[in-house]
Amino acid sequence: MEPKWYTYFNYGSIAFVAVLLLVILTNAIPKEYYIPLLVVAIIIFILRIVFRIMVIKKIREKE
């Protein structure tokens, strides 16, 4: 993954999780969807960590 695309993914995932939080806090969805949304948010943050490690390794290999 290119660093440019990683930046898009990074900020996009933060925005998406912020939207999920806003939806939960405004009670716009039924309470039975809270746990699935929490699982999605956790998966997104794990993907961010994995992609960050991949990008750092790729940058170090180029040096």
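This one's a predicted model, so the numbers in the text were calculated from it and none came from an experiment. The first residue in the sequence is number 1, and the count goes up from there.
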Check the hydrophobic clustering (I, L, V, M, F, W, Y; side-chain heavy atoms under 4.5 Å; chains of links allowed) and say if Phe9 and Ile56 are grouped together.
-> no
Leu38, Leu21: one ILVMFWY side-chain cluster at the under-4.5 Å cut-off?
-> no
Going from CD1 on Ile14 to CZ on Arg48, what distance comes out if it is rounded to the nearest 0.5 angstrom?
-> 4.0 Å
Ile53: which other cluster members, linking ILVMFWY side chains closer than 4.5 Å, directly or transitively?
-> Ile49
Is there a path from Val50 to Val55 through hydrophobic residues (I, L, V, M, F, W, Y) whose side chains come within less than 4.5 Å of each other?
-> yes
Considering only heavy atoms from C-beta outward, does the side chain of Tyr33 approach that of Val23 to under 4.5 Å?
-> no
Report yes if some heavy atom in the side chain of Val40 is under 4.5 Å from a heavy atom in the side chain of Phe16; otherwise report no.
-> yes
Euclidean distance, Leu20 CG relative to Ile44 CD1, rounded to 0.5 Å | 6.0 Å
Say whether Tyr11 and Tyr8 are linked into one hydrophobic cluster, either directly or through other cluster members, by side-chain heavy-atom distances under 4.5 angstrom.
-> no
Nearest-0.5 Å distance that lies between atom CD1 in Ile59 and atom CE in Met54 = 12.0 Å
In the single-linkage hydrophobic clustering (I, L, V, M, F, W, Y; side-chain heavy atoms under 4.5 Å), do Ile24 and Phe45 co-cluster?
-> yes
Atom pair CZ/OG1 of Phe51 and Thr7 - distance to nearest 0.5 Å = 13.0 Å
